[in-house]
S.K.: 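Structure below; questions to follow.
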Protein chains: 2
Amino acid sequence: MLLDHRRRAQEIVDHSTTETDTDGGLTEPFHGPHQGGIATPPQAHAQFVGLDLRENADRAMVAGLLKVWTQDAARLTAGTPALADTEPELAATPARLTVTVGLGPGVFSAADVADRQPSWLRPLPAFPIDRLDENACGQTDLLLQVCADDPVTVAHAVRVLTKNVRSLVTVRWSQRGFRNARRSHPDGTTMRNLMGQVDGTVNPAPATEEFDRLVWDDGSLHRWLAGGTSLVLRRIRMELDTWEEIDRPGRELTVGRTLDTGAPLTGKAEHDEPDFTATDRYGIPVIPPGSHIARAHHIHDGERFHRRAYNYDDPPQPGQTSNSGLIFASYQRDIDTQFLPVQQRLAEFDALNQWTTPIGSAVYALPPGTGPDGHLGDTLLDTT
Amino acid sequence: MLLDHRRRAQEIVDHSTTETDTDGGLTEPFHGPHQGGIATPPQAHAQFVGLDLRENADRAMVAGLLKVWTQDAARLTAGTPALADTEPELAATPARLTVTVGLGPGVFSAADVADRQPSWLRPLPAFPIDRLDENACGQTDLLLQVCADDPVTVAHAVRVLTKNVRSLVTVRWSQRGFRNARRSHPDGTTMRNLMGQVDGTVNPAPATEEFDRLVWDDGSLHRWLAGGTSLVLRRIRMELDTWEEIDRPGRELTVGRTLDTGAPLTGKAEHDEPDFTATDRYGIPVIPPGSHIARAHHIHDGERFHRRAYNYDDPPQPGQTSNSGLIFASYQRDIDTQFLPVQQRLAEFDALNQWTTPIGSAVYALPPGTGPDGHLGDTLLDTT
């Protein structure tokens with residue numbers, strides 16, 4: 001099957017011309033110590049695809065799969081058609097495409113490398129706020145995260161990456177997300193979610209010592225993971241109908257930030273440090289202790305992580321007006337020490353919980369990046 | 001209900017600042033002789049929403065609905081929050097937003113103006129190639145077509161326009177479509193669909209005598225419709241799995257155009273006129289008579305119309321790899337004389353039919369544009 005694809009691909013003319021004078025021709029590097037799509041400035045569009053290995057999968061098949069994905073991703077992100085690309089013209093617009101591969105617990109058992117599975121790679125504990133739907137964003141064996149500034153590029157890349165491995169995996173779910181279009185706002189503007197809130201203010205800046213420390217694994221526990229990280233992916237439905245019954249002051253007290261600039265209620269600008277001790281003249285905290293930012297705030301530096309969320313807005317169910325929410329994606333070295341304490345605090349109490357419902361939850365190990373001679377996951381599988 | 005919204009809206013601060021230095025601040029005019037979103041250079045994102053009037057709807061309610069939509073659309077397209085906008089910050093990025101309103105047959109009966117219903121405003125005849133799903137893109141009483149270069153803008157506008165009229169209408173279906181991102185390619189580049197084909201080459205150029213003649217109604221049959229037009233909206237599923245079994249020469253013979261430039265097989269450049277009489281040295285037509293462009297080609301000038309299609313790529317059904325296709329949208333003065341003969345020819349035979357399946361079909365009258373003192377549909381309803 002795969003060999004067939006490879007053979008057929010040889011007949012396809014290699015269209016390596018990209019639109020170099022336009023944003024469509026912009027590329028993000030594929031090879032390197034880390035996978036793309038994590039520290040990469042967020043592209044406008046993302047698709048998260050959850051896949052399961054077929055029953056007979058073993059280490060050789062997992063390695064074969066990861067080799068195909070590596071080869072295809074290296075080409076597509078450069079604006080070059082994949083080897084089995086039957087629509088090569090659609091590949092000529094990389095638009096900052098990144099392809100990020102995640103490994104769920106099922107990969108470790110199938111490939112017989114359970115001893116290399118990080119301890120944090122297991123489903124999050126059940127939270128009372130959860131209303132999980134396995135088919136919305138349940139735990140799968142594998143994840144593809146495909147991001148680009150052009151939605152056609154994303155559609156093409158996902159199609160190529162999934163169809164070429166049909167004999168090895170099945171798709172369980174596929175989630176499309178979006179942020180503002182490239183150039184809609186000045187570079188570096190924090191996104192807004194569909195509740196209208198500035199979302200993602202407290203994020204370590206990529207390529208800083210802090211980011212490296214919080215996000216990239218150093219291989220001290222699992223050598224294969226050095227340069228990799230973890231992903232927590234949660235699908236969070238927004239109850240917009242009831243949210244809209246809340247007036248602006250009520251919303252701002254719920255979140256702890258102003259709606260217009262995203263500044264904490266104790267500050268003037270978005271990135272001002274919130275002062276959780278400040279009180280008004282009646283002695284009442286300016287930022288309510290139950291507000292989202294008060295509950296989400298890290299108690300110590302080790303509770304921080306890197307968020308890279310996307311909005312979703314799917315066709316409404318019959319009788320409904322909207323089906324909207326957030327595809328929450330956070331990246332951290334250690335889910336248990338960095339993400340989980342914060343999530344537990346929020347699950348216990350967060351004023352915002354009344355208008356948000358987690359409907360999907362999955363975790364993945366994201367292997368390190370690779371060079372031109374390797375493939376994603378080779379350090380895990382001892383294959384090259 | 002609506003009065004409540006209006007009252008609440010008064011309390012919301014009017015955020016009319018737009019991002020003027022970025023693409024997000026670009027606007028398309030709302031007021032004028034024609035509705036936007038028809039001759040407008042296609043934006044990157046579109047959402048088509050099919051809505052049905054509630055059972056008790058009468059002319060006053062239809063007029064009320066159209067007034068609300070007109071008022072909200074006039075503001076949103078200018079980058080100003082709607083009157084009942086609970087997320088005003090999301091309105092500050094118009095990104096060339098257009099809102100286009102379509103009227104299905106149900107509006108004419110509900111508003112008791114059946115004598116003003118154009119003869120072409122009725123479901124298309126059943127074609128043997130159709131596999132229609134009423135919930136995919138069936139005929140509804142009303143249509144909202146919302147287009148912008150930013151997907152957040154589209155999501156916000158659709159939310160505002162649908163939630164504000166919940167007491168009057170229900171949403172039956174909602175379809176998101178996309179083209180390449182703004183600035184991915186040079187302006188004016190013809191889009192490609194997800195089969196990889198250049199799609200939409202033969203289109204009259206907006207603001208020409210030809211476009212005006214083919215698209216805009218002159219009011220000779222129905223005075224109220226002067227400056228309006230019609231929309232044929234069809235949801236066409238692409239059978240990508242079998243399409244990919246066809247090699248490039250086979251694909252090019254199916255369509256009648258080359259895949260790389262979109263030139264007709266008898267030409268060198270995309271916009272070269274196809275020569276359907278040209279034969280090769282064996283006397284075989286260079287463009288097969290059964291190819292898509294040979295069958296779709298207008299037999300006389302009056303069979304032409306304006307296309308403005310969008311790709312769709314939704315989560316696949318269980319066991320499938322893709323769920324992709326085209327949201328075909330064509331605009332013409334008269335569906336019966338311009339669109340139908342071409343569609344009948346294609347339904348009868350088109351080599352491409354083997355890989356495309358119409359799963360939705362609806363038609364709408366698009367009333368003319370309006371000025372600041374009127375509302376969409378006022379010439380139909382004799383209301384202002």
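What you see is a predicted model, and the numbers here were worked out from it, not measured in a lab.
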S.K.: Enter the distance from Glu87(A):CD to Arg192(B):CZ here, rounded to the nearest 0.5 Å.
M.R.: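 Nearest 0.5 Å value for the CD-CZ distance: 10.5 Å.
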
S.K.: Heavy-atom distances under 4.5 Å only: say whether Thr170(A) touches chain B with side chain, backbone, both or neither.
M.R.: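 Neither part.
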
S.K.: Using non-hydrogen atoms and a 4.5 Å limit, figure out which bit of Asp149(B) sits close to chain A: side chain, backbone, both or neither.
M.R.: backbone

S.K.: Do you know which of Thr153(A), Val154(A), Leu259(A), Asn135(A) has the most heavy-atom pairs with chain B at a distance under 4.5 angstrom?
M.R.: Leu259(A)

S.K.: Using a cut-off of under 4.5 Å for heavy-atom pairs, which of Val152(B), Asn193(B), Asp150(B) has the most such pairs with chain A?
M.R.: Asp150(B)

S.K.: Taking Asp313(A)'s backbone N and O only, do any of them form a donor-acceptor pair with Arg176(B)'s side chain (distance below 3.5 Å, no angle check)?
M.R.: yes

S.K.: Check whether the side chains of Ser184(B) and Asp23(A) place a donor and an acceptor atom closer than 3.5 Å, and report yes or no.
M.R.: no

S.K.: Once you round to the nearest 0.5 Å, how far does CD1 of Ile246(B) lie from OG1 of Thr86(A)?
M.R.: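 Reported to 0.5 Å precision, the distance equals 10.5 Å.
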
S.K.: Do you know which of Ala181(A), Ala148(A), Pro316(A), Pro315(A) has the most heavy-atom pairs under 4.5 Å to chain B?
M.R.: Ala181(A)

S.K.: How many angstroms lie between atom OG of Ser322(B) and atom NZ of Lys163(A), to the nearest 0.5 angstrom?
M.R.: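 Nearest 0.5 Å value for the OG-NZ distance: 8.5 Å.
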
S.K.: Roughly how far, to the nearest 0.5 Å, is the NE2 atom of His156(A) from the CG atom of Leu194(B)?
M.R.: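 Answer for the CG-NE2 pair, Leu194(B) versus His156(A), is 10.0 Å.
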
S.K.: Do NZ/NE/NH1/NH2 and the carboxylate oxygens of Arg248(A) and Glu89(B) come within less than 4.0 Å?
M.R.: yes

S.K.: Can you tell which part of Arg179(A) gets under 4.5 Å to a heavy atom of chain B, answering side chain, backbone, both or neither?
M.R.: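 The backbone, not the side chain.
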
S.K.: Contact part of Pro151(A) toward chain B, heavy-atom cut-off under 4.5 Å: side chain, backbone, both or neither?
M.R.: both

S.K.: So what's closer than 4.5 Å to chain B heavy atoms on Gln175(A): side chain, backbone, both or neither?
M.R.: neither

S.K.: Under a 4.5 Å cutoff for heavy-atom pairs, which residue among Leu240(A), Asn311(A), Thr162(A) has the most contacts with chain B?
M.R.: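 Looking at each of Leu240(A), Asn311(A), Thr162(A) in turn, Leu240(A) comes out on top.
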
S.K.: Which bit of Met195(A) comes within less than 4.5 Å of chain B, counting heavy atoms only: side chain, backbone, both or neither?
M.R.: backbone

S.K.: Indicate yes or no: does Arg166(A) engage Asp241(B) in a salt bridge with an N to O separation below 4.0 Å.
M.R.: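 Yes, charged N to carboxylate O under 4.0 Å.
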
S.K.: Between Arg251(B), Met191(B), Gln197(B), which has the largest tally of heavy atom pairs under 4.5 Å with chain A?
M.R.: Arg251(B)

S.K.: Do the side-chain N and O atoms of Arg183(B) and Thr22(A) include a donor-acceptor pair separated by under 3.5 angstrom?
M.R.: no

S.K.: Side chain, backbone, both or neither: which part of Gln47(B) has a non-hydrogen atom closer than 4.5 Å to chain A?
M.R.: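 Just the side chain, heavy atoms under 4.5 Å.
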
S.K.: Please flag which part of Trp243(B) lies under 4.5 Å from any non-hydrogen atom of chain A: side chain, backbone, both or neither.
M.R.: side chain

